[in-house]
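In what follows, a structure is listed as structure tokens, so that the remarks can point back to it.
Computed from heavy atoms alone, side chains included, the values below leave out hydrogens, waters and symmetry copies. Bear in mind the structure is a predicted one, so any value in this text is a computation, not a measurement. The chains referred to below are lettered A, B, ... by the order of the sequence lines, with proteins before strands, and numbering in each begins at 1.
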Amino acid sequence: MKNAYDILAERGFLKQCSHPEELRELMGREKVTFYIGYDPTADSLHIGHYVALMTMAHMQRAGHRPIVLLGAGTAEIGDPSGKTDMRRMMTSEELDHNAACFQRQMARLLDFGGENAAIVDNNATWLRSLNFLEFMRDIGVHFSVNRMLTADCYRQRMERGLTFFEMGYMLMQSYDFLVLHRKYNCCLQMGGDDQWSNILSGADLIRRKEQKPAYALTTTLLATSEGKKMGKTEKGALWLDPARTSVYDFYQYWRNVDDADVANCMKLLTFLPLEEISALTASGADINAAKKTLALTLTAQVHGEAEAEKAKLAAEALFGGGGSIEHMPTVRLTAEEAARCGLRVTDLLVLCSLCQSKSDARRTIEGGGVFMDDEKVTDVYAAADAAKLPEGIILRKGKKGYVRVIIDD
RNA sequence: GGAUGGGUUCCCGAGCGGCCAAAGGGAGCGGACUGUAAAUCCGUUGUCACAGACUACGAUGGUUCGAAUCCAUCCCCAUCCA
């Protein structure tokens, strides 16, 4: 079987690693237990988490054992490495609920049963009961502030200000690694490259306290060829939960990625073989076909084949001719809702969340960007034809914002 | 705790008594061009019952015919000192 390290390397996941040769050799020789931490601050994962999940999946398929560490303990105080994170206390019910949602989404990629069953643990278990004095004595002594300040993430913050809390976060995350090492013999922590210092300091802590090897490895963040973060939509993050980001929108996001980013997305987000990816995205190849493959493959991975197929059909109906309108994004209104707004197009646009406000809707109409059943709406006061509504009218905003509106009796 | 400089619309950032729903840029949205791509050009970007009204320049009070702009108190942030 191929070495997992090589798989990650050739697909472009690897960013930094504390001991590349040593780790590679270890992965070739034995089953490695490794972990990635996830903060359960929402009830769904988003695409940023997905890259990390993919690394776990590749590792597990190569015979290693993953641990999903839920950061319920650290989530209680909020991760400071994002700039404006709200430090909201979460109830344990919320956290449990979120954790369950995470696990359900992860189960499509990770195997929670069987030989290398993925383990789920929660750092609240040990962080909550931590005694401050003991912690400072046992863990705190191993951290040099001088050294921490040379870390990139802190150096940048020196200009803007740095709280003790932020530095403490590093200790907690390092302590997590130590606990998992003792509990499961976990010797590798992976994560996004923004976590590099935190991960590295955890590996150092284990080496120092336990005199055992421990490794740190970070993966590239999902970014465009211009270095911008990917996975942002008008409505915020690109979520894996279809209630937050519809399957259609999810499909469309990937259908519309920049030409230059298709190959990278395929390598990081799908399991398509590398040869196939290079063939699909070679300079002479039909890049639009590649985008369709990316969209369909990834959507199927996240939402299942059937749902992905529906999204594809809807997209074809709207853009290519053919396909079927049956699965296109649909908004159902009650007769009462419809009556209340008098079927005015401005109101309908807002009800379908195509526009943010009636003023926005009005402006868009004035700018010539609204179509009803393929006819341009020119009058701000226009209303839909009530007779057509039971079977549905198609409202369009711009080139890509399609919604089918149906009134139920 | 002290000194100084700040808090403006999605973000950065100008404005410093009326002409301010607030310059400029970024980002977003719409149009043209395209390949459901990029680049470029044009328009637009608080809300609503939309030639008008209402709500907005950290918070609360005050001065004034009139305040983002002046005064007072408070809250936050940055830099230096302790």
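- Sorted pairs that involve residues 326-358 of chain A and meet ring pair (Phe, Tyr, Trp, His ring centres under 6.0 Å), not counting sequence neighbours, are lacking altogether.
- A:Asp374 meets the side chain to side chain donor-acceptor pair (under 3.5 Å) test with A:Arg396; sequence neighbours excluded.
- A:Tyr402 meets the ring pair (Phe, Tyr, Trp, His ring centres under 6.0 Å) test with A:Phe319; sequence neighbours excluded.
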Can you pull every protein N or O that's under 3.5 Å from an N or O on nucleotides 30-32 of chain B?
{"residue": "B:G30", "atom": "O2'", "partner": "A:Gly367", "partner atom": "O", "Å": "3.2"}

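- Listed by first and then second residue, the side-chain hydrogen bond (donor to acceptor under 3.5 Å, both in side chains) pairs involving residues 55-67 of chain A are A:Thr33-A:Arg65 (not counting sequence neighbours).
- Listed by residue number, there are no residues of residues 298-310 of chain A with a heavy-atom contact under 4.0 Å to RNA chain B.
- Sequence neighbours left out, the pairs with a member in residues 117-127 of chain A that pass salt bridge (charged side-chain N to carboxylate O under 4.0 Å, His left out) are A:Asp121-A:Lys183.
- Qualifying ring pair (Phe, Tyr, Trp, His ring centres under 6.0 Å) partners for A:His19, counting only residues two or more places apart in sequence or in other chains: A:Tyr215.
- Listed by first and then second residue, the salt bridge (charged side-chain N to carboxylate O under 4.0 Å, His left out) pairs involving residues 1-15 of chain A are A:Lys2-A:Glu10, A:Asp6-A:Arg24 (not counting sequence neighbours).
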What is the per-nucleotide protein-contact pattern of nucleotides 21-27 of chain B, from the 5' end, where B denotes a base atom under 4.0 Å from a protein heavy atom, S denotes such proximity for sugar-phosphate atoms only, and - denotes neither? -------
What pairs of nitrogen or oxygen atoms, one from the protein and one from nucleotides 47-53 of chain B, lie under 3.5 Å apart?
{"residue": "B:U47", "atom": "OP1", "partner": "A:Ser357", "partner atom": "OG", "Å": "2.7"}
{"residue": "B:U47", "atom": "OP2", "partner": "A:Arg363", "partner atom": "NH2", "Å": "2.3"}
{"residue": "B:C48", "atom": "OP1", "partner": "A:Lys358", "partner atom": "N", "Å": "3.2"}
{"residue": "B:C48", "atom": "OP2", "partner": "A:Ser357", "partner atom": "OG", "Å": "3.4"}
{"residue": "B:C48", "atom": "OP2", "partner": "A:Lys358", "partner atom": "N", "Å": "3.1"}
{"residue": "B:C48", "atom": "OP2", "partner": "A:Ser359", "partner atom": "N", "Å": "2.6"}
{"residue": "B:C48", "atom": "OP2", "partner": "A:Ser359", "partner atom": "OG", "Å": "2.7"}
{"residue": "B:A49", "atom": "OP1", "partner": "A:Lys358", "partner atom": "NZ", "Å": "3.4"}
{"residue": "B:C50", "atom": "N3", "partner": "A:Arg362", "partner atom": "NE", "Å": "3.1"}
{"residue": "B:C50", "atom": "N4", "partner": "A:Ser359", "partner atom": "OG", "Å": "3.1"}
{"residue": "B:C50", "atom": "N4", "partner": "A:Arg362", "partner atom": "NE", "Å": "3.4"}

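- Not counting sequence neighbours, the partners of A:Arg147 by the side chain to side chain donor-acceptor pair (under 3.5 Å) test are A:Asp204.
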